[in-house]
Amino acid sequence: MNLFFHKVADPMHQFEVQKWFELPPVFGYDISFTNAAGFMLLGVVLCIAFFGYAASRGKIVPNRLQSMGEIGYGFVADMIRGTAGEEGLRFFPFVFTLFFFILFANMIGMVPYAFTTTSHVIVTGALAMLVIGIVIVFGLWKNGLKFFKLFAPSGAPWYIYILLIPIEIISFVARPLTLALRLFANMLAGHIMLKLFAGFAVTGITAGGIGLAVAPLAFGMGVALNALEFLVAGLQAYVFAILTCVYLNDALHPAH
Amino acid sequence: MFAIVLAAESAHGAEKAAFPPFDPWHFPSQLFWLAVFFGFLYFALSRFILPKIGNTLERRESSIAGDLDEAARLNEEAVEAQKAVEVSIAKAHAKARETADKARTKIDKNIAAETAKVDAEVDAKLAEAETRIEAFRTDAMKSVESIATDTTEAILGKFSTKAGKADISSAVKSALGEG
(Lines give C-alpha, C1' and ligand atoms only; values in the text may rest on other atoms or scores of the structure.)
Protein backbone atom coordinates (compact mmCIF):
# COMPACT_ATOMS: atom_id res chain seq x y z
CA MET A 1 0.00 0.00 0.00
CA ASN A 2 1.46 3.27 -1.06
CA LEU A 3 1.13 6.64 0.57
CA PHE A 4 -1.44 7.86 -1.94
CA PHE A 5 -3.84 5.13 -0.96
CA HIS A 6 -3.47 5.99 2.71
CA LYS A 7 -4.32 9.53 1.92
CA VAL A 8 -7.33 8.67 -0.24
CA ALA A 9 -8.72 6.08 2.17
CA ASP A 10 -8.59 8.55 5.03
CA PRO A 11 -12.23 9.72 5.45
CA MET A 12 -11.08 13.13 6.67
CA HIS A 13 -8.93 13.85 3.66
CA GLN A 14 -11.91 15.08 1.63
CA PHE A 15 -12.47 17.94 4.06
CA GLU A 16 -8.94 19.26 3.95
CA VAL A 17 -8.61 22.77 2.62
CA GLN A 18 -5.75 23.19 0.19
CA LYS A 19 -4.41 26.39 -1.29
CA TRP A 20 -4.76 26.62 -5.04
CA PHE A 21 -3.43 30.17 -5.32
CA GLU A 22 -1.45 31.79 -2.58
CA LEU A 23 -2.54 35.39 -2.08
CA PRO A 24 -0.80 38.04 -0.01
CA PRO A 25 -2.38 38.42 3.46
CA VAL A 26 -4.85 41.27 3.95
CA PHE A 27 -4.66 42.86 7.42
CA GLY A 28 -2.70 39.84 8.48
CA TYR A 29 -5.39 37.41 7.30
CA ASP A 30 -4.61 34.65 4.83
CA ILE A 31 -7.23 34.86 2.08
CA SER A 32 -5.58 32.46 -0.36
CA PHE A 33 -7.82 30.95 -3.03
CA THR A 34 -8.42 27.40 -1.85
CA ASN A 35 -10.19 24.33 -3.15
CA ALA A 36 -13.09 25.35 -0.90
CA ALA A 37 -13.27 28.73 -2.64
CA GLY A 38 -12.91 27.04 -6.04
CA PHE A 39 -15.86 24.72 -5.55
CA MET A 40 -17.87 27.57 -4.06
CA LEU A 41 -17.17 29.53 -7.23
CA LEU A 42 -18.18 26.52 -9.34
CA GLY A 43 -21.52 26.36 -7.53
CA VAL A 44 -22.13 30.06 -8.02
CA VAL A 45 -21.19 29.88 -11.69
CA LEU A 46 -23.45 26.89 -12.32
CA CYS A 47 -26.28 28.58 -10.44
CA ILE A 48 -25.94 31.78 -12.44
CA ALA A 49 -25.60 29.85 -15.70
CA PHE A 50 -28.71 27.78 -14.98
CA PHE A 51 -30.98 30.59 -13.83
CA GLY A 52 -29.38 33.07 -16.19
CA TYR A 53 -30.35 30.79 -19.08
CA ALA A 54 -33.91 30.44 -17.77
CA ALA A 55 -34.16 34.22 -17.33
CA SER A 56 -32.61 35.23 -20.64
CA ARG A 57 -34.70 32.80 -22.66
CA GLY A 58 -37.87 34.22 -21.11
CA LYS A 59 -40.29 32.71 -23.64
CA ILE A 60 -44.00 32.51 -22.95
CA VAL A 61 -43.78 28.83 -23.88
CA PRO A 62 -40.73 27.54 -22.00
CA ASN A 63 -38.44 24.66 -22.89
CA ARG A 64 -37.46 22.11 -20.25
CA LEU A 65 -34.49 24.00 -18.83
CA GLN A 66 -36.35 27.30 -18.67
CA SER A 67 -39.28 25.52 -17.07
CA MET A 68 -36.99 24.03 -14.42
CA GLY A 69 -35.61 27.46 -13.56
CA GLU A 70 -39.12 28.85 -13.29
CA ILE A 71 -40.21 25.94 -11.13
CA GLY A 72 -37.29 26.76 -8.81
CA TYR A 73 -38.49 30.37 -8.71
CA GLY A 74 -42.05 29.33 -7.91
CA PHE A 75 -40.88 26.78 -5.36
CA VAL A 76 -38.97 29.36 -3.30
CA ALA A 77 -41.76 31.94 -3.67
CA ASP A 78 -44.36 29.43 -2.44
CA MET A 79 -42.09 28.42 0.43
CA ILE A 80 -41.86 32.04 1.59
CA ARG A 81 -45.58 32.69 1.11
CA GLY A 82 -46.40 29.55 3.10
CA THR A 83 -44.24 30.44 6.10
CA ALA A 84 -43.89 34.23 6.17
CA GLY A 85 -46.85 35.40 4.09
CA GLU A 86 -46.88 37.88 1.21
CA GLU A 87 -44.78 40.34 3.22
CA GLY A 88 -42.01 37.77 3.39
CA LEU A 89 -41.54 38.13 -0.37
CA ARG A 90 -39.34 41.19 0.22
CA PHE A 91 -36.72 38.64 1.28
CA PHE A 92 -37.33 36.53 -1.82
CA PRO A 93 -33.94 37.21 -3.47
CA PHE A 94 -32.11 36.49 -0.23
CA VAL A 95 -33.90 33.21 0.50
CA PHE A 96 -33.58 32.20 -3.15
CA THR A 97 -29.84 32.88 -3.12
CA LEU A 98 -29.41 31.04 0.16
CA PHE A 99 -31.39 28.00 -0.94
CA PHE A 100 -29.70 27.56 -4.29
CA PHE A 101 -26.24 28.42 -2.97
CA ILE A 102 -26.54 25.60 -0.44
CA LEU A 103 -28.29 23.23 -2.85
CA PHE A 104 -25.65 23.64 -5.54
CA ALA A 105 -22.85 23.29 -2.95
CA ASN A 106 -24.42 20.12 -1.55
CA MET A 107 -25.02 18.62 -4.99
CA ILE A 108 -21.53 19.42 -6.21
CA GLY A 109 -20.29 17.71 -3.04
CA MET A 110 -21.97 14.51 -4.23
CA VAL A 111 -19.60 14.29 -7.19
CA PRO A 112 -16.62 12.10 -6.30
CA TYR A 113 -13.43 14.05 -5.60
CA ALA A 114 -15.37 17.31 -5.33
CA PHE A 115 -15.09 19.47 -2.26
CA THR A 116 -18.25 20.06 -0.22
CA THR A 117 -18.21 23.70 0.84
CA THR A 118 -21.15 23.19 3.19
CA SER A 119 -19.25 20.53 5.16
CA HIS A 120 -17.32 23.32 6.88
CA VAL A 121 -18.86 24.80 9.98
CA ILE A 122 -17.27 28.18 9.29
CA VAL A 123 -19.31 28.45 6.07
CA THR A 124 -22.61 27.20 7.48
CA GLY A 125 -22.00 29.26 10.62
CA ALA A 126 -21.43 32.40 8.59
CA LEU A 127 -24.65 31.79 6.62
CA ALA A 128 -26.59 31.16 9.83
CA MET A 129 -25.20 34.33 11.41
CA LEU A 130 -26.15 36.23 8.28
CA VAL A 131 -29.73 34.96 8.59
CA ILE A 132 -30.00 35.75 12.30
CA GLY A 133 -28.30 39.10 11.73
CA ILE A 134 -30.91 40.01 9.13
CA VAL A 135 -33.70 38.83 11.44
CA ILE A 136 -32.42 40.99 14.31
CA VAL A 137 -31.60 44.10 12.27
CA PHE A 138 -34.76 43.99 10.20
CA GLY A 139 -36.89 43.06 13.22
CA LEU A 140 -35.61 46.04 15.22
CA TRP A 141 -35.83 48.41 12.27
CA LYS A 142 -39.39 47.45 11.42
CA ASN A 143 -40.87 46.86 14.88
CA GLY A 144 -38.62 48.90 17.18
CA LEU A 145 -38.78 47.65 20.73
CA LYS A 146 -41.88 45.63 19.91
CA PHE A 147 -39.46 43.16 18.41
CA PHE A 148 -38.70 41.95 21.94
CA LYS A 149 -42.27 40.75 22.24
CA LEU A 150 -40.80 37.77 20.47
CA PHE A 151 -39.42 36.70 23.85
CA ALA A 152 -42.67 37.29 25.71
CA PRO A 153 -45.66 35.89 23.84
CA SER A 154 -48.80 37.62 25.10
CA GLY A 155 -51.64 35.89 26.89
CA ALA A 156 -49.81 34.11 29.70
CA PRO A 157 -50.10 34.89 33.42
CA TRP A 158 -47.18 36.99 34.77
CA TYR A 159 -45.51 34.24 36.74
CA ILE A 160 -45.23 32.10 33.64
CA TYR A 161 -43.05 34.78 32.09
CA ILE A 162 -40.37 34.16 34.71
CA LEU A 163 -39.90 30.79 33.10
CA LEU A 164 -41.01 31.64 29.57
CA ILE A 165 -38.71 34.56 28.80
CA PRO A 166 -35.43 32.75 29.55
CA ILE A 167 -36.62 29.76 27.51
CA GLU A 168 -37.54 32.00 24.56
CA ILE A 169 -34.18 33.77 24.77
CA ILE A 170 -32.29 30.49 24.90
CA SER A 171 -34.26 29.12 21.96
CA PHE A 172 -33.54 32.30 20.00
CA VAL A 173 -29.83 32.12 20.77
CA ALA A 174 -29.82 28.44 19.83
CA ARG A 175 -31.22 29.21 16.38
CA PRO A 176 -27.99 30.20 14.61
CA LEU A 177 -26.17 27.33 16.30
CA THR A 178 -28.69 24.70 15.27
CA LEU A 179 -29.05 26.21 11.82
CA ALA A 180 -25.29 26.07 11.27
CA LEU A 181 -24.65 22.72 12.92
CA ARG A 182 -27.56 20.87 11.28
CA LEU A 183 -26.29 21.52 7.77
CA PHE A 184 -22.61 21.15 8.66
CA ALA A 185 -23.08 17.92 10.62
CA ASN A 186 -25.34 16.35 8.00
CA MET A 187 -22.90 17.02 5.17
CA LEU A 188 -19.84 16.05 7.21
CA ALA A 189 -21.32 12.83 8.60
CA GLY A 190 -22.79 11.80 5.27
CA HIS A 191 -19.53 12.23 3.40
CA ILE A 192 -17.56 10.44 6.12
CA MET A 193 -19.97 7.50 5.90
CA LEU A 194 -19.73 7.39 2.12
CA LYS A 195 -15.96 7.45 2.30
CA LEU A 196 -15.82 4.83 5.03
CA PHE A 197 -17.98 2.32 3.23
CA ALA A 198 -16.21 2.91 -0.07
CA GLY A 199 -12.92 2.55 1.79
CA PHE A 200 -14.07 -0.70 3.40
CA ALA A 201 -14.94 -2.10 0.00
CA VAL A 202 -11.50 -1.33 -1.41
CA THR A 203 -9.59 -2.35 1.70
CA GLY A 204 -11.62 -5.55 1.97
CA ILE A 205 -10.65 -6.66 -1.53
CA THR A 206 -6.96 -5.79 -1.13
CA ALA A 207 -6.82 -7.46 2.30
CA GLY A 208 -8.37 -10.73 0.99
CA GLY A 209 -9.68 -13.47 3.27
CA ILE A 210 -12.78 -12.38 5.16
CA GLY A 211 -12.40 -8.97 3.55
CA LEU A 212 -13.61 -10.46 0.24
CA ALA A 213 -16.91 -11.26 1.91
CA VAL A 214 -17.19 -7.86 3.56
CA ALA A 215 -16.34 -5.83 0.45
CA PRO A 216 -19.62 -6.42 -1.50
CA LEU A 217 -21.66 -5.63 1.60
CA ALA A 218 -19.72 -2.43 2.14
CA PHE A 219 -20.09 -1.52 -1.51
CA GLY A 220 -23.86 -2.13 -1.39
CA MET A 221 -24.08 0.02 1.69
CA GLY A 222 -22.12 2.71 -0.11
CA VAL A 223 -24.57 2.67 -3.02
CA ALA A 224 -27.56 2.89 -0.69
CA LEU A 225 -25.93 5.69 1.29
CA ASN A 226 -25.23 7.56 -1.92
CA ALA A 227 -28.97 7.64 -2.67
CA LEU A 228 -29.66 8.73 0.89
CA GLU A 229 -27.04 11.47 0.66
CA PHE A 230 -28.65 12.91 -2.45
CA LEU A 231 -31.87 13.12 -0.48
CA VAL A 232 -30.03 14.72 2.45
CA ALA A 233 -28.31 17.22 0.15
CA GLY A 234 -31.64 18.46 -1.16
CA LEU A 235 -33.44 18.20 2.14
CA GLN A 236 -30.85 20.11 4.15
CA ALA A 237 -30.85 22.97 1.67
CA TYR A 238 -34.64 23.03 1.96
CA VAL A 239 -34.55 22.86 5.77
CA PHE A 240 -32.06 25.71 5.93
CA ALA A 241 -34.17 27.84 3.62
CA ILE A 242 -37.50 27.13 5.28
CA LEU A 243 -36.12 27.78 8.76
CA THR A 244 -34.77 31.05 7.42
CA CYS A 245 -38.31 31.86 6.30
CA VAL A 246 -39.72 30.93 9.71
CA TYR A 247 -37.18 33.18 11.46
CA LEU A 248 -37.85 36.01 9.02
CA ASN A 249 -41.53 35.61 9.80
CA ASP A 250 -40.64 36.32 13.45
CA ALA A 251 -38.93 39.52 12.36
CA LEU A 252 -42.00 40.50 10.30
CA HIS A 253 -44.58 39.58 12.94
CA PRO A 254 -42.87 39.37 16.34
CA ALA A 255 -46.03 39.38 18.45
CA HIS A 256 -47.38 36.03 17.33
CA MET B 1 -8.41 -5.07 7.60
CA PHE B 2 -9.21 -2.85 10.55
CA ALA B 3 -5.57 -3.01 11.61
CA ILE B 4 -4.68 -1.52 8.23
CA VAL B 5 -7.26 1.22 8.57
CA LEU B 6 -6.12 2.00 12.08
CA ALA B 7 -2.51 2.08 10.93
CA ALA B 8 -3.46 4.50 8.21
CA GLU B 9 -5.31 6.66 10.71
CA SER B 10 -2.43 6.80 13.14
CA ALA B 11 0.09 7.48 10.41
CA HIS B 12 -2.13 10.25 9.15
CA GLY B 13 -2.76 11.59 12.63
CA ALA B 14 0.92 12.11 13.05
CA GLU B 15 1.05 14.26 9.89
CA LYS B 16 -1.97 16.45 10.62
CA ALA B 17 -2.94 17.81 13.98
CA ALA B 18 -6.44 19.30 13.56
CA PHE B 19 -9.74 17.95 12.32
CA PRO B 20 -9.99 19.81 8.99
CA PRO B 21 -13.29 21.66 9.50
CA PHE B 22 -12.03 23.01 12.83
CA ASP B 23 -8.56 23.93 11.58
CA PRO B 24 -8.60 27.72 11.96
CA TRP B 25 -5.96 28.61 9.39
CA HIS B 26 -8.46 28.65 6.52
CA PHE B 27 -11.24 30.50 8.35
CA PRO B 28 -10.34 33.98 7.02
CA SER B 29 -10.02 32.66 3.49
CA GLN B 30 -13.32 30.74 3.74
CA LEU B 31 -15.18 33.78 5.11
CA PHE B 32 -13.65 36.09 2.54
CA TRP B 33 -14.51 33.96 -0.46
CA LEU B 34 -17.93 33.10 0.94
CA ALA B 35 -18.68 36.82 1.26
CA VAL B 36 -17.40 37.48 -2.26
CA PHE B 37 -19.20 34.62 -3.98
CA PHE B 38 -22.41 34.72 -1.95
CA GLY B 39 -22.55 38.46 -2.42
CA PHE B 40 -21.92 38.11 -6.14
CA LEU B 41 -24.59 35.43 -6.47
CA TYR B 42 -27.06 37.57 -4.52
CA PHE B 43 -26.26 40.58 -6.67
CA ALA B 44 -26.60 38.69 -9.95
CA LEU B 45 -29.81 36.95 -8.93
CA SER B 46 -31.59 39.88 -7.31
CA ARG B 47 -30.55 42.49 -9.89
CA PHE B 48 -30.75 40.66 -13.17
CA ILE B 49 -31.97 37.11 -13.10
CA LEU B 50 -34.90 36.94 -10.68
CA PRO B 51 -36.70 40.07 -11.95
CA LYS B 52 -36.47 38.66 -15.46
CA ILE B 53 -37.87 35.28 -14.47
CA GLY B 54 -40.62 37.00 -12.48
CA ASN B 55 -41.37 39.17 -15.47
CA THR B 56 -41.60 36.12 -17.73
CA LEU B 57 -43.97 34.39 -15.31
CA GLU B 58 -46.11 37.52 -15.11
CA ARG B 59 -46.20 37.87 -18.87
CA ARG B 60 -47.19 34.23 -19.21
CA GLU B 61 -49.95 34.62 -16.66
CA SER B 62 -51.33 37.75 -18.28
CA SER B 63 -51.09 36.24 -21.74
CA ILE B 64 -52.98 33.16 -20.58
CA ALA B 65 -55.58 35.35 -18.88
CA GLY B 66 -55.81 37.50 -22.02
CA ASP B 67 -56.23 34.46 -24.22
CA LEU B 68 -58.96 33.13 -21.94
CA ASP B 69 -60.74 36.50 -22.03
CA GLU B 70 -60.45 36.57 -25.80
CA ALA B 71 -61.83 33.04 -26.02
CA ALA B 72 -64.74 33.96 -23.76
CA ARG B 73 -65.42 37.07 -25.87
CA LEU B 74 -65.33 35.10 -29.12
CA ASN B 75 -67.58 32.46 -27.60
CA GLU B 76 -70.07 35.13 -26.63
CA GLU B 77 -69.91 36.54 -30.13
CA ALA B 78 -70.57 33.11 -31.57
CA VAL B 79 -73.58 32.67 -29.33
CA GLU B 80 -74.87 36.10 -30.39
CA ALA B 81 -74.38 35.23 -34.04
CA GLN B 82 -76.22 31.96 -33.56
CA LYS B 83 -79.11 33.83 -31.95
CA ALA B 84 -79.16 36.35 -34.82
CA VAL B 85 -79.24 33.52 -37.35
CA GLU B 86 -82.10 31.86 -35.51
CA VAL B 87 -84.05 35.11 -35.43
CA SER B 88 -83.53 35.75 -39.15
CA ILE B 89 -84.54 32.18 -39.96
CA ALA B 90 -87.74 32.64 -37.97
CA LYS B 91 -88.39 35.94 -39.75
CA ALA B 92 -87.84 34.33 -43.14
CA HIS B 93 -90.21 31.52 -42.22
CA ALA B 94 -92.91 34.02 -41.24
CA LYS B 95 -92.42 36.01 -44.41
CA ALA B 96 -92.58 32.91 -46.57
CA ARG B 97 -95.79 31.81 -44.90
CA GLU B 98 -97.29 35.26 -45.43
CA THR B 99 -96.32 35.34 -49.08
CA ALA B 100 -97.71 31.87 -49.61
CA ASP B 101 -100.98 32.85 -47.96
CA LYS B 102 -101.28 35.96 -50.08
CA ALA B 103 -100.62 34.01 -53.25
CA ARG B 104 -103.14 31.39 -52.27
CA THR B 105 -105.93 33.98 -51.67
CA LYS B 106 -105.13 35.71 -54.93
CA ILE B 107 -105.22 32.47 -56.86
CA ASP B 108 -108.45 31.43 -55.17
CA LYS B 109 -110.02 34.76 -56.18
CA ASN B 110 -108.82 34.37 -59.75
CA ILE B 111 -110.16 30.86 -59.89
CA ALA B 112 -113.53 31.99 -58.57
CA ALA B 113 -113.69 34.83 -61.08
CA GLU B 114 -112.74 32.58 -64.01
CA THR B 115 -115.20 29.96 -62.92
CA ALA B 116 -118.00 32.55 -62.72
CA LYS B 117 -117.11 33.93 -66.13
CA VAL B 118 -116.97 30.53 -67.77
CA ASP B 119 -120.21 29.51 -66.06
CA ALA B 120 -121.93 32.62 -67.41
CA GLU B 121 -120.64 31.96 -70.93
CA VAL B 122 -121.73 28.36 -70.77
CA ASP B 123 -125.18 29.41 -69.51
CA ALA B 124 -125.51 31.93 -72.32
CA LYS B 125 -124.48 29.36 -74.92
CA LEU B 126 -126.90 26.82 -73.48
CA ALA B 127 -129.73 29.31 -73.57
CA GLU B 128 -128.95 30.19 -77.19
CA ALA B 129 -128.73 26.56 -78.15
CA GLU B 130 -132.04 25.82 -76.51
CA THR B 131 -133.73 28.71 -78.39
CA ARG B 132 -132.26 27.41 -81.63
CA ILE B 133 -133.41 23.87 -80.88
CA GLU B 134 -136.89 25.19 -80.06
CA ALA B 135 -136.97 27.08 -83.36
CA PHE B 136 -135.82 24.00 -85.25
CA ARG B 137 -138.45 21.94 -83.52
CA THR B 138 -141.27 24.42 -84.35
CA ASP B 139 -140.09 24.54 -87.97
CA ALA B 140 -139.87 20.78 -88.09
CA MET B 141 -143.39 20.38 -86.67
CA LYS B 142 -144.71 22.83 -89.24
CA SER B 143 -143.04 20.82 -92.02
CA VAL B 144 -144.40 17.57 -90.54
CA GLU B 145 -147.93 19.02 -90.69
CA SER B 146 -147.74 20.12 -94.24
CA ILE B 147 -146.01 16.87 -95.31
CA ALA B 148 -148.64 14.86 -93.46
CA THR B 149 -151.44 16.83 -95.12
CA ASP B 150 -149.87 16.40 -98.54
CA THR B 151 -149.24 12.71 -97.92
CA THR B 152 -152.81 12.20 -96.68
CA GLU B 153 -154.17 14.01 -99.77
CA ALA B 154 -152.04 11.87 -102.00
CA ILE B 155 -153.04 8.62 -100.28
CA LEU B 156 -156.71 9.62 -100.42
CA GLY B 157 -156.24 10.51 -104.05
CA LYS B 158 -154.95 6.96 -104.77
CA PHE B 159 -158.00 5.53 -103.01
CA SER B 160 -160.05 7.88 -105.24
CA THR B 161 -161.70 9.40 -102.28
CA LYS B 162 -162.30 13.09 -102.49
CA ALA B 163 -161.90 15.09 -99.40
CA GLY B 164 -161.68 18.79 -98.81
CA LYS B 165 -158.34 20.33 -98.13
CA ALA B 166 -159.58 21.95 -94.93
CA ASP B 167 -160.90 18.63 -93.56
CA ILE B 168 -157.63 16.88 -94.15
CA SER B 169 -155.61 19.58 -92.53
CA SER B 170 -157.82 19.68 -89.42
CA ALA B 171 -157.71 15.88 -89.18
CA VAL B 172 -153.93 15.93 -89.41
CA LYS B 173 -153.76 18.68 -86.85
CA SER B 174 -155.95 16.75 -84.40
CA ALA B 175 -153.93 13.59 -84.98
CA LEU B 176 -150.69 15.42 -84.38
CA GLY B 177 -152.09 17.15 -81.36
CA GLU B 178 -153.11 13.72 -80.02
CA GLY B 179 -149.76 12.33 -80.83
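Computed from heavy atoms alone, side chains included, the values below leave out hydrogens, waters and symmetry copies. A, B, ... follow the sequence lines: proteins, then strands. Residue 1 opens every chain.
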Between A/F99 and the options A/F94, A/F92, A/F75, the ring pair (Phe, Tyr, Trp, His ring centres under 6.0 Å) test singles out A/F75

What residue, out of [options], has the most heavy-atom pairs lying under 4.5 Å from chain A?
| options | answer |
| --- | --- |
| B/L34, B/I64, B/L45 | B/L34 |
| B/H26, B/R60, B/R59 | B/R60 |
| B/L57, B/I53, B/T56 | B/I53 |
| B/F40, B/F32, B/F48, B/F38 | B/F38 |
| B/S63, B/G54, B/A44 | B/G54 |

Quick check on [X] against chain B: is it the side chain, the backbone, both or neither that has a heavy atom closer than 4.5 Å?
| X | result |
| --- | --- |
| A/P62 | both |
| A/Q66 | side chain |
| A/L98 | both |

ask   = Is B/D139 salt-bridged to B/K142, cutoff N-O under 4.0 Å?
value =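 Here B/D139 does not pair with B/K142 in a salt bridge, since their nearest N and O are not under 4.0 Å apart.
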
Salt bridge present between B/K125 and B/E121 (N-O < 4.0 angstrom) = no

[X] portion near chain A, given a 4.5 angstrom heavy-atom threshold:
| X | answer |
| --- | --- |
| B/L41 | both |
| B/F22 | side chain |
| B/L50 | both |
| B/Y42 | both |

Contact leader toward chain B among [options], where contacts are heavy-atom pairs under 4.5 Å:
| options | value |
| --- | --- |
| A/Y29, A/F184, A/F101 | A/F101 |
| A/F33, A/F100, A/F51, A/F15 | A/F33 |
| A/L130, A/V121, A/L41 | A/L41 |
| A/G125, A/A126, A/G52 | A/G52 |
| A/G69, A/A37, A/P25, A/A36 | A/A37 |

Determine whether A/L188 and B/F19 make a side-chain contact, defined as any pair of heavy atoms from C-beta on separated by less than 4.5 Å.
yes

Mind checking whether A/F50 and A/M68 have side chains closer than 4.5 Å, heavy atoms only?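 Yes, side chains in contact.
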
Those residues that, when tested against B/R137, pass salt bridge (Lys or Arg N to Asp or Glu O under 4.0 Å) (two or more places apart)
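Result, salt bridge (Lys or Arg N to Asp or Glu O under 4.0 Å) vs B/R137: B/E134.
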
Is the number of heavy atoms from other residues, nucleotides or ligands under 6.0 Å of [X] [atom1] greater than 12?
| X | atom1 | answer |
| --- | --- | --- |
| B/R47 | CZ | no |
| B/E70 | CD | yes |
| A/I210 | CD1 | no |
| B/E76 | CD | no |

| field | Distance-only polar pair, side chains of A/S119 and A/H191, donor-acceptor under 3.5 Å | value | no

